[in-house]
Structure formats: C-alpha cells, structure tokens
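Bear in mind that the values here come from a model prediction, so they are computed numbers and not experimental data.
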2 protein chains.
Amino acid sequence: MTTMKEIAEQTGVSISTVSLVLNGRDEGRVNPTLASLVRNKATELGYKINPLARSLRTNKTRILGFISEEVATTPYAGGIILGAQDAASAYGYMLFTVSTDGKASEENEIATLKRYGVDGFFYSKMSNRIAQVPKSLDDYPVVMVDATDHDNKIPSVEPDEFMIAYDATNRLIKAGCERIAYVGCSESMIAQDGRLAGYQAALHDAGRVFDPSLVCNVLNNGPALRAVSKLFDDTHPDGFFCFNDARAWYVYECAARRGLTVGKDISVVGVDNHRVFAETLEPQLTTVELPHYEMGYWSACKLISMIEGKDVDTSVWPDTRAPLPPLNAPIPAKIHCALLEKGSVVVH
Amino acid sequence: MTTMKEIAEQTGVSISTVSLVLNGRDEGRVNPTLASLVRNKATELGYKINPLARSLRTNKTRILGFISEEVATTPYAGGIILGAQDAASAYGYMLFTVSTDGKASEENEIATLKRYGVDGFFYSKMSNRIAQVPKSLDDYPVVMVDATDHDNKIPSVEPDEFMIAYDATNRLIKAGCERIAYVGCSESMIAQDGRLAGYQAALHDAGRVFDPSLVCNVLNNGPALRAVSKLFDDTHPDGFFCFNDARAWYVYECAARRGLTVGKDISVVGVDNHRVFAETLEPQLTTVELPHYEMGYWSACKLISMIEGKDVDTSVWPDTRAPLPPLNAPIPAKIHCALLEKGSVVVH
DNA sequence: ATGAAAGCGCTAACAA
DNA sequence: TTGTTAGCGCTTTCAT
C-alpha cells in the first residue's frame, strides 16, 4: 500500500502538500504544476488513502452502523441492507451490520460500533412499527428503517402500506373482479391497519360498497386455512388481496381444493414478504414487492446527509425503480413498488 | 471515550505501562500493585480500546470482509451472515459485508475492504457450487462459504447435500411411506446431484429398489406443475422429498386438486430454502433446514484461526444445534440440521 | 520494573 | 505557495 510519504518523497514535495492535493483542497493553495505532478504520481503508484489513519485525526470513519433486530434472518432484510450498501458505497461509506436479539446484546453491539468510530446509525426493525431508539444513540446521527419514531423526532422510512393496498386492490378492480376479498393479518400492526384502509379506500373510490364479510384476518396457523375456506364458501370472491405470501398460500390451497384456477377463475394479488410464489411459477399471482431496497437506499442517503451536513444527491436513486406496468396489460408476475412514486414509501 | 493517556495521567504511570497492563502483557513485567491500579482505573473510567488506533500500529484491524454474490438478497444469506457475525463477535471481530454483482464491482469491493485493512475474507456464493477465489485475495486468509474451491486449496464449508437427502428420505421411510418420490431440480448443481444420490442411497439402504419413474426433476416454471401432476397420476406416490419450497408447492397444489391431504394421504419433506411453508401452517410438512447459520459460524471460526494462527475454541458452537427429533415421533414442523452431527455440513 | 521516544498514515495549524 | 510541526491513540523498542 502506497503512502502519502512515498508520494512526497518521489515527487520532492512535503507530505502536507500531498495531503492537500489528494484531498482536493489545493485550489489556489498549491502550484497547479506541482499538484498534477502529485496526482500523476499517486495514480502511477496506485495510491489509495488509508481511511483508518485518516479517521484517527478527523474523527470521521466513513463507517455506518446498521443495527437490526435479527433482521438479517428475515428474508427481506437483505434488500434493505443491499440498498443501504449501494448508496453508502456511492458516497464512499462502508457498513457494519450487526443484529441483536435482547436488549443487552443491543447495547453491546452499539458500544462496539462506537468504539470503531461509526459516524452514524441505522436503526431497523423486522417489521414496520413504532419503536424507540436507545438513548445510547442520542448523540449520533440516526435514521430509522421500516420503523418510525414514537416522538417523530428521528428521520425514518417505512413502506406506504396504504398505497400498496390501494394499488393492489385497484389492480383487481381493473382486472374485472367483482367480489374482492382481503385476506389480512389478525394482529394489529401498521401494515395490517394501513393495508386494510387502502383496500377499503380503493373500493370506495371505485364506487363500491365495502363488505366486511369479504375481509378475513388470520394468523399463520391451522385455523387460518379453515377461515379462508369459509370465506370461499360464504362469499365466493373472485379476487383476493393478500397480506403476504403465507395468506396467499391459503387462497391457493382453497382454490385448488375447489377446482378453481388462479388467473382464470379467481385473481390474486399478494404483498411479497417471502417471494416464493413470485419465484415459483404463477404468472397469475401478482406480487407487490415491498420497497426494501429503496428504504435502505433512502435511509443511507439521509444518514449521510445528516453526517456531512449537506444534501446528498437524490438523483442517484437506483435503477430498480421500474415504472408500474400499464393496468390493462396482462397481470405481470411482479409489480415493483417504485420509490417516491405513488408514495409507495413514506419518509418522516 | 477514555484513552490510555487519561488512565496514565490519573494513575501516575506511563502510557506504555498502561498499554502493557491493558493488553494483559504485564505478567512479570509490571508491578502487580501498579497493574491492578491501572486496571481499576480503566474499569472505573469505562475504558474501551480504540481498535482503529491500535490497528495503525499493528496492521490488524479485527475486521473481516464478507464478500457475497448478491447473496444478501437471497433469503438464506442472512443466516450465514448472522452465524459469521455471532462467531466473529465472540472473538472480538467485526464484519464488513459487501455484495457484488459483476466482476468489476467485486474487484472494487475487494479494494475497498483492503483499504480498510480487513484481516481476512469470507468468499460466499449464492448456492453451493465450485468457484474460484479472485487472485486479488491471494495474499489474505480466505474461507469459502456455501462453495468449494476448484483446487481444494481454500478452506470451505458446504451443506452435506447427500446426508440431508438421506435423512429426509429415511424419515419418509420410517413414516411408513411405500412409494417415495423425489421432486428435484432439473439443472445440474451440487445440491441436486447430492440430494438425488442421498435419496437413492436411503432407499437402497432400506432394501428398496430405486424407481426412476418416481423422480421428477423440474425447474421453477409452468411445465413444472404439469410434470408433477403427471408424477401424481402415473405413479401415485405417498411420500415426497422435495428439493425446496418451490417444488414442495407443486406437490401441495397437485395434492389439493386431487383432494389429497398432506399429512394424511401423503407425506412431504422439503428442504428449506425459503421457509414459507415452515412459517405458514403445515405441521404435516417436514422442513429440513439448511445449516446456513452453522456454515457462517464455522467459517468465521476457521478464518479467525487462520488469522491468529491458533486454534479457536469450537466448543463455542451455537445453541441452535437442536438434536434431531426421534423418528417415531409425529413429524415435526422443522428439523434442524445440526452442525457436525450426521455430517450435515462438510468442511474442506 | 518503568518510562521516554519513535512511529503507524494522515490532517491541520502555523510558519516561512 | 510550501514546509514544519504537532498530534490523533496506540504499540514497541530501547534506555534506565
């Protein structure tokens, strides 16, 4: 690894000059000729700055700490981290990712991250909810991901659950479904509440009356399948908006048992938490992908802007923002929930 | 953050002495009284070493670089990383995780990791296969995860595909299944080859003759469902060993359409790549979990032992090593593929 | 047994 | 415009 010292020696200037030039702070301070001499030598030698040495003086490591609650084991956490990493990398930052279980382990991880001098923290939860950032993070820039601050004091990103459901339901409406059911989650959580509301609003905006008997909120367990069975037999829906893959599976199972074919006899739109169905085969199942990557991306940009005290270039938003396919096209295998488009992400 | 300097000042000794003591290299070199004085002051002040400053001198950062090929987006990558993190953390190491797509991006990430002075690398692939570690890693300690080296020169861990299949098939045999089908993957890959072999071996060891018509290798696509349908109708299996969740889904779909109930009319054992079914509801589906966490854990231990040039304490193996449930018990929702047990993991 | 001093690679006052 | 100097927090020789 080449050092500034070596460059200084080989070009006959002082280390300070090298430092100035290589940090782009030479404008009007260093002789342009010397500057380019230094620059050439640097590229010639393949010089790369030693960020650790620099951090010793500057107290800035360009390392970000990503704290997640076992989120690494959930299938979708990867998307968040990937997005955060991509954005971080674009700005020359690295990510330390740690996952915690208990409270104690969390404080441990935080302490470790602090020792390594991280410049700021991501604080991420496993599913969209209201959370409290530990006080040990008080003096640091923090951004919450897939969670929101109780006091709304910490910047945060979450999926726009309402719009996700609104879009999904609309898609079923446009596909010609007459009796659209919602197979949701019987635990109260932000995602459930928002999606139910979006489902209702879409129906309402389409001039339909909301029929509570078409709503079936279940858990992931035995009784769930019976409840969905009952939904089939009682109300004979021809369209289903499903809270997630697991709920969609109940619908598939019930349909198959009744000789109904998804994509022909009934339509199904599900929110993608696991992606099995999307990866499997059913072009008849429309999967609305949660904007995990985008949340990660946004949060990294936000965090870095806080750290550097300046706006980051949000035009760097990733390519994955595919436009929503036209509604009259055949139902696609996947709708990408585009960032900053139709409010599919909410930032605070 | 307290520094050694502060401790030195407050105890009236020199920084060198503090360094010696706090690094446990004081045996017979520092007056025990002084030593404990220093130690007390350190805990009193809550001293924590600054690893970055130390690394400037020692050239050891205690940071490990985890390189994965977009693995962060695959559902199971999280398990590997989590295991690696837990082990690393136990030895006072941190992980930089990066994922790459193309060749160029990989070299970039590697360069960045080097600049941050990582002590060694994990090189991980998305699915068990033979791979080549980039030459840019040649001078560093490297461990491969879920992949093996072409020349068998790099230490590596991979799931024991054979034993996974052998166990799974055995389970169906012990459950009383007479006609056990294998729904596999029609692409040739280590997992497919190993699992097919394990399936065959289990049948053979049980004194059964292998019937090729019970094997149905498919991709994740439309024709797959038809192929599995044909399997049902042609051979009427009463037990299914499935390559993964997606393949298990075909079996579920076909069963439901025929009025067959999993767990009653047929038995299904699937290898868990996505976990939807395990998380959903079917106690009748046995999911063999891949030992991702354990692979991560092992690889971190191995890597650290290479770095430090000494054996690490493998008694630290994680708790998740649940014993396999007794074979005559009702088929459980999940079998944990225990590390170093029945060879469920292969290390090289 | 202890401390002074040098130095890891870099930045930032301050001189010149 | 350039170089000298000091120092970030720590380790490590080398005197004492």
*Kindly state whether the ring of B/Phe96 and the ring of B/Tyr116 have centres lying under 6.0 angstrom apart.*
yes
*Should B/Tyr116 be listed as having a side-chain N or O under 4.0 Å from OP1 or OP2 of C/dG9?*
no
*Counting heavy atoms from C-beta on, name the nucleotide in D/dG3, D/dT11, C/dC10 closest to the side chain of B/Arg54.*
D/dT11
_From CZ (B/Phe121) to CG (B/Leu137), nearest 0.5 Å_ = 4.5 Å
*Of all the nucleotides listed (C/dC10, D/dT11, C/dG3), which has the minimum atom distance to the side chain of A/Ala53?*
C/dC10
*Any N or O donor-acceptor pair linking the side chain of B/Thr17 to the base of C/dA1 at under 3.5 Å?*
no
*Send over the distance from A/Arg29 CZ to C/dA16 P, rounded to a whole Å.*
18 Å
*Choose from D/dT1, C/dG3, C/dC8 the nucleotide whose nearest atom is closest to any side-chain atom of B/Leu56.*
C/dC8
*Indicate, yes or no, whether a donor-acceptor pair under 3.5 Å links the base of D/dT4 to the side chain of A/Ser16.*
yes
*asked:* Can you identify which nucleotide, out of C/dT2, D/dT11, C/dG9, has its nearest atom closest to the B/Asn23 side chain?
replied: D/dT11
*Selection from C/dT11, D/dT12, D/dC10 that lies nearest to any side-chain heavy atom of B/Asn50*: D/dC10
*Closest to the A/Arg25 side chain: C/dA12, C/dT2, D/dT1?*
C/dA12
*Atom OG of A/Ser68 and atom CD1 of A/Ile81: how far apart are they, to the nearest 0.5 Å?*
5.5 Å
*A/Glu6 CD - C/dG9 P separation (whole Å)*: 8 Å
*asked:* Between P on D/dG7 and CZ on B/Arg57, what's the gap in Å once rounded to a whole number?
replied: 18 Å
*Do NZ/NE/NH1/NH2 and the carboxylate oxygens of A/Asp26 and A/Arg39 come within less than 4.0 Å?*
yes
*Out of D/dT2, C/dG3, C/dC10, whichever nucleotide has its closest atom nearest the side chain of A/Thr3*: C/dC10
*Any side-chain N or O of A/Ser14 under 4.0 Å from OP1/OP2 of D/dT2?*
no
